[in-house]
Amino acid sequence: MHTLRDNYKAISLLRPQSITATTTGTGIDVEQYEDDALAVLDLGSQAGTTETLDVTIETSTDGTNYSTALTFAQVTGSNGDDKIAAGRVSLAGIKKVRAVATKSGSGASLIAVNLLARARIGGATVNSTTPA
């Protein structure tokens, strides 16, 4: 019997950090994963009441040019603390995936964005300790 960790890998698109401006993650190679993945936005806190945070998941078929594949609902100062959101991202024909967080206002947001992806049979070793 296979366990969740035998088949899936959590890939960090934006490592946990405090942001005060637009932050773009590095494109992560996802060619060794199955067609669908789950993107998870984890917002620990957001300073201020007028702050906004827009987070998107972008994909690239050539490894260079990116387009938006998923847009999370905008987080505002009034609905921001301890928020977790998730959405589906298609990896069919995709080479790279990255997250982009656009912050407005002067306060900081504590954020992390991860991708839960299933390895193709005969593809990636999902239990590797090396970051994706």
Enumerate donor-acceptor pairs with a distance under 3.5 Å from any side-chain N or O in residues 62-72 to protein atoms, sequence neighbours excluded.
residue, atom, partner, partner atom, Å
D62, OD1, S60, OG, 3.0
D62, OD1, T64, N, 2.8
D62, OD1, N65, N, 2.8
D62, OD2, N65, ND2, 2.8

> Is there side-chain contact between T61 and I94, with at least one heavy-atom pair below 4.5 Å?
Replying inline: yes
> Does any non-hydrogen side-chain atom of V55 lie less than 4.5 Å from one of V113?
Replying inline: yes
> What heavy-atom pair brings E51 and S104 nearest, and what distance separates the two atoms?
Replying inline: OE1-O, 3.0 Å
>> Taking salt bridge (charged side-chain N to carboxylate O under 4.0 Å, His left out) as the definition, give me every residue that meets it alongside K96, ordered by chain and number, with sequence neighbours left out.
In response: none
>> Any heavy-atom pair between the side chains of I28 and L13 that's under 4.5 Å?
In response: yes
> Of all residues at least two apart in sequence or in a different chain, which pass the salt bridge (charged side-chain N to carboxylate O under 4.0 Å, His left out) check with D36?
Replying inline: R88
>> Could you measure the distance from the CG atom of L43 to the CG atom of L110? Nearest 0.5 Å is fine.
In response: 7.5 Å
>> Please enumerate all residues that pass side chain to side chain contact (heavy atoms under 4.5 Å, CB included) together with T24, with sequence neighbours excluded.
In response: T22, R98, V100
> So, do L53 and I19 sit near enough that their side-chain heavy atoms are less than 4.5 Å apart?
Replying inline: yes
> Can you name the side chain to side chain contact (heavy atoms under 4.5 Å, CB included) partners of A86, sequence neighbours left out?
Replying inline: L38, V40
> Shortest non-hydrogen contact from N114 to S12?
Replying inline: OD1-CA, 3.3 Å
> So, for A39 and V89, which heavy atoms are closest and what is the spacing to 0.1 Å?
Replying inline: CB-CG2, 3.9 Å
> What pairs with A37 under side chain to side chain contact (heavy atoms under 4.5 Å, CB included), at least two apart in sequence or on another chain?
Replying inline: L91, L115, A117
> With no hydrogens and no angle check, is any side-chain donor or acceptor of D29 less than 3.5 Å from a backbone partner on E31?
Replying inline: yes
> What is the distance from atom CD of Q32 to atom NZ of K9, rounded to the nearest 0.5 Å?
Replying inline: 7.5 Å
